[in-house]
Amino acid sequence: MIIVMTRGSDREQVNTVVERVKSLGLGAHLSEGEEVTIIGVVGSPLPSELEGTLESLPGVERVVRISKRFKLTGWDFHPQPTFIDVGGVRIGGDEIIMIAGPCSVESEEQTVSTAKSVRAAGARILRGGAYKPRTSPYEFRGLGERGLEILAKAGQETGMPVITEVMSPTDVELIGQYADIYQIGARNCQNYLLLEEVGKTRKPVMIKRGASVSIEEWLLAAEYVMAQGNPDVILCERGLRSFETATRFTLDIGAVAVAKQLSHLPVFVDPSHAAGKRVYVASMSLAGVASGADGLMIEVHPSPDHAMSDAAQQLTFDQFDELVPRMRSVAQAVGRDLAPSGANVHSGAVIA
Ligand code: PEP
Ligand code: MN
């Protein structure tokens, strides 16, 4: 249910409505636009007489029952697009944001050199896994806390915020000490206890769409985070499991348009995991930019063939360097832009 306040309603009237909603044991989410304030009511079941009770309060224009299952992720509660500021990098604006870095943090040398290279090319956020979900338990599963230390150091040295995967609710606190953005991997897209745990923090959360997860289920995953009070969620399409084996997963580019239509949250595309082979990453990146995505996440490694995970899909430094200006041209063709090479802002300081 949403409560639309009249234009010009004052703070006291808004507070009275919020207090009334809370006194009924329901949650109230405030969305203050430039002209209109909307209060989202969450809770179930909503008493049938609620509309009447709320509509009579001063400053209330109308009360609308919403039947959609994603209330906080949808536009009804939040008629403006969500912008997320991560250490001076603005996600969701005109500029398409590049996240780049290795699949896994393997060493300080490997991570710092990659960070320097991708930053010089135009990346604004550094990625790198320290806790790796691997299909086989015998494969490299990440450096753990040492990996987090290296990633944070590489981020600081290059002035980039960092994103890394969290796999377990019990790791949320530790990873939060190093990461600027939590990454929820495709395998954990429907791990509801993990989603709730990152929802209790105040750090942005990127939710990668599970390989067999519908768009509605993906948005409901975001709903789990937002229902805990964390509004800063980024969606990331990274390919679905299909009958096709030529690519590792099938990139659902249409999901970007659908998610943007259904939700105010920023949507990213990860062409690396969808492609699975570096030869396809460039085309799929360009398609991602053209699709209306707010950003891309691309894996880059100093020597991809020697990578300890996802060796076949990571780009070389040169390949990423060549790709960025092509992505910029496509971004400009669709009315967006891409950060200039080497430019970055972190903690308010312009480093370029
Ligand atoms: C990754 O980003 O390295 C990763 C494991 O991705 P996904 O969760 O999409 O498989
Ligand atoms: Mn990977």
Side-chain angles (χ1 to χ4, degrees), residues 97-106 110-111 114 118 123 125-137 139-144 147-148 150-151 162-168 171 175 179-191 194-195 198 204-213 215 217-218 221-222 233-242 247-253 255-256 259 267-278 280-281 284-285 288 293 295-316 319-320:
I97 301 299
M98 266 326 126
I99 301 177
C103 176
S104 298
V105 173
E106 299 168 8
Q110 168 247 15
T111 308
T114 308
V118 298
I125 298 174
L126 177 66
R127 67 149 284 148
Y131 294 83
K132 297 299 300 176
R134 302 306 301 272
T135 304
S136 160
E139 289 167 344
F140 175 65
R141 290 162 73 183
L143 296 181
L148 297 176
I150 294 172
L151 184 70
V162 299
I163 176 169
T164 196
E165 177 160 356
V166 54
M167 292 199 294
S168 160
D171 290 340
I175 292 178
D180 298 290
I181 306 175
Y182 288 109
Q183 176 176 325
I184 302 293
R187 294 162 183 80
N188 275 312
C189 180
Q190 290 178 298
N191 181 339
L194 177 61
L195 294 168
V198 291
V205 178
M206 172 183 274
I207 305 178
K208 298 188 88 179
R209 182 180 176 195
S212 304
V213 164
I215 295 171
E217 288 165 339
W218 186 29
V233 179
I234 304 158
L235 300 166
C236 182
E237 161 61 37
R238 46 75 78 199
L240 302 177
R241 179 83 76 194
S242 82
T247 51
R248 186 177 178 193
F249 293 97
T250 296
L251 185 64
D252 184 6
I253 209 76
V256 178
V267 181
F268 273 52
V269 166
D270 168 354
S272 303
H273 290 85
K277 292 178 190 150
R278 73 186 132 265
Y280 303 130
V281 170
M284 289 161 80
S285 301
L296 259 62
M297 180 152 85
I298 300 179
E299 287 187 343
V300 181
H301 191 282
S303 176
D305 288 336
H306 298 104
M308 296 171 86
S309 58
D310 290 347
Q313 72 197 30
Q314 303 201 56
L315 297 187
T316 63
Q319 284 170 330
F320 187 69

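Quick caveat: nothing in here was measured; it's all calculated off a predicted structure. Both counts, for ligands and for their atoms, begin at 1 and track the order of listing. The basis for the numbers below is simple: all heavy atoms, side chains too, and nothing from hydrogens, waters or symmetry mates.
- A donor-acceptor pair under 3.5 Å is absent between the side-chain atoms of Gln313 and the main chain of Leu315, judged by distance alone.
- Under the 4.5 Å side-chain criterion, counting only non-hydrogen atoms from C-beta, Glu299 is in contact with Asp310.
- Using a distance-only test at 3.5 Å, with no hydrogens or angles considered, a donor-acceptor pair links the side chain of Glu106 to the main chain of Met308.
- Within the 3.5 Å criterion, the main-chain N or O of Phe249 finds a donor-acceptor partner in the side chain of Thr247.
- Between Pro102 and Gln314 the shortest side-chain heavy-atom distance falls below 4.5 Å.
- Listed for the Arg278 side chain is a donor-acceptor partner under 3.5 Å among the backbone atoms of Ala312.
- Counting non-hydrogen atoms of neighbouring residues, nucleotides and ligands closer than 6.0 angstrom, the CZ atom of Arg134 exceeds 12 such neighbours.
- With respect to Asp270, the side chain to side chain donor-acceptor pair (under 3.5 Å) criterion is satisfied by exactly one of Arg127, Arg238, Lys208: Lys208.
- Using a heavy-atom distance under 4.0 Å as the criterion, the protein contacts of ligand 1 are Cys103, Arg127, Lys132, Glu165, Gln183, Gly185, Ala186, Arg187, Lys208, Arg238, His273, Glu299.
- Although no hydrogens or angles enter the test, the distance criterion places a donor-acceptor pair under 3.5 Å between the side chain of Thr164 and the main chain of Gly128.
- By the criterion of a separation under 2.8 Å, the protein N/O/S atoms near the Mn ion (ligand 2) amount to Cys103 SG, His273 NE2, Glu299 OE2, Asp310 OD2.
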